[in-house]
Amino acid sequence: MRTLTFTWLFTFLGAALCLVHYLFHDHDAFYMLFYALSVPAWFVSTFSNIYDISMTRMLVIYVLTIATWTLVGYVIDRYSVSYRTKRKQEK
């Protein structure tokens, strides 16, 4: 039985993270939260100035953030399915 619970959960987490950053990017707490939890944002400073960034580049960062969190959730789901399958075969 396949389950994608964590995939959807982490996708929504990434989308919520991006939405909160978009709405409240002027507040330091939300700004730091986004840059702490967004893996693509960790590397954007090597390619461009994070203080003067266009909305197109920010949109790319948002999409990559959501994709990264989706991938993390998918890996957790795949691991949990393989773990459950292995446990059932042992019994």
Side-chain angles (χ1 to χ4, degrees):
M1 181 173 160
R2 282 186 72 167
T3 177
L4 296 174
T5 306
F6 284 103
T7 303
W8 286 108
L9 180 70
F10 279 65
T11 301
F12 291 134
L13 175 76
L17 185 66
C18 293
L19 180 66
V20 166
H21 179 261
Y22 179 75
L23 294 175
F24 303 109
H25 66 276
D26 292 337
H27 302 289
D28 286 339
F30 294 112
Y31 182 82
M32 293 305 294
L33 180 69
F34 177 76
Y35 281 97
L37 297 176
S38 171
V39 176
W42 297 348
F43 301 106
V44 75
S45 63
T46 59
F47 302 113
S48 66
N49 183 6
I50 61 170
Y51 299 109
D52 185 31
I53 194 165
S54 67
M55 193 57 202
T56 306
R57 286 189 182 179
M58 203 63 213
L59 182 63
V60 170
I61 293 170
Y62 288 158
V63 168
L64 289 175
T65 299
I66 294 170
T68 302
W69 280 107
T70 302
L71 181 65
V72 168
Y74 181 74
V75 167
I76 292 171
D77 281 334
R78 292 290 296 182
Y79 177 75
S80 67
V81 167
S82 67
Y83 180 75
R84 280 190 222 141
T85 304
K86 189 191 315 187
R87 294 278 298 198
K88 282 183 182 180
Q89 289 175 355
E90 288 177 357
K91 289 183 179 182

Name every donor-acceptor pair, under 3.5 Å, that has one atom in a side chain of residues 9-17 and the other anywhere in the protein, sequence neighbours excluded.
{"from": "T11", "atom 1": "OG1", "to": "T7", "atom 2": "O", "distance (Å)": "2.6"}
{"from": "T11", "atom 1": "OG1", "to": "T70", "atom 2": "OG1", "distance (Å)": "2.8"}

- Message: Let me check something: do L71 and F6 share a hydrophobic cluster, defined by ILVMFWY side-chain heavy atoms less than 4.5 Å apart, either directly or through other members?
- Response: no
- Output for pair (D52 CG, R57 CZ), nearest 0.5 Å, gives 9.5 Å
- Query: Is any side-chain heavy atom of M55 closer than 4.5 Å to a side-chain heavy atom of Y22?
  - Reply: yes
- Straight-line distance of M58 CE to C18 SG, nearest 0.5 Å: 7.5 Å
- Message: So, using side chain to side chain contact (heavy atoms under 4.5 Å, CB included) as the criterion, who are the partners of T56 when residues are at least two apart?
- Response: S54
- Message: For residues L19 and Y62: do they belong to one hydrophobic cluster (side chain heavy atoms under 4.5 Å, members Ile, Leu, Val, Met, Phe, Trp, Tyr)?
- Response: yes
Which pairs would a plain distance check flag for residues 31-46, meaning a side-chain donor or acceptor within less than 3.5 Å of a matching protein atom at least two apart in sequence or in another chain?
{"from": "S38", "atom 1": "OG", "to": "A41", "atom 2": "N", "distance (Å)": "3.4"}
{"from": "S38", "atom 1": "OG", "to": "T65", "atom 2": "OG1", "distance (Å)": "2.6"}
{"from": "W42", "atom 1": "NE1", "to": "Y35", "atom 2": "O", "distance (Å)": "3.0"}
{"from": "W42", "atom 1": "NE1", "to": "A36", "atom 2": "O", "distance (Å)": "3.3"}
{"from": "W42", "atom 1": "NE1", "to": "S38", "atom 2": "O", "distance (Å)": "3.4"}
{"from": "T46", "atom 1": "OG1", "to": "F43", "atom 2": "O", "distance (Å)": "2.6"}

- Item | V60: hydrophobic cluster co-members (side-chain, 4.5 Å) | L64
- Message: With a 4.5 Å cut-off on side-chain heavy-atom distances among I, L, V, M, F, W and Y, is there a chain of contacts connecting Y79 to V72?
- Response: no
- Not counting sequence neighbours, which residues clear side chain to side chain contact (heavy atoms under 4.5 Å, CB included) with V20? List them please. F24, F30
- Message: So, using side chain to side chain donor-acceptor pair (under 3.5 Å) as the criterion, who are the partners of T5 when residues are at least two apart?
- Response: T3
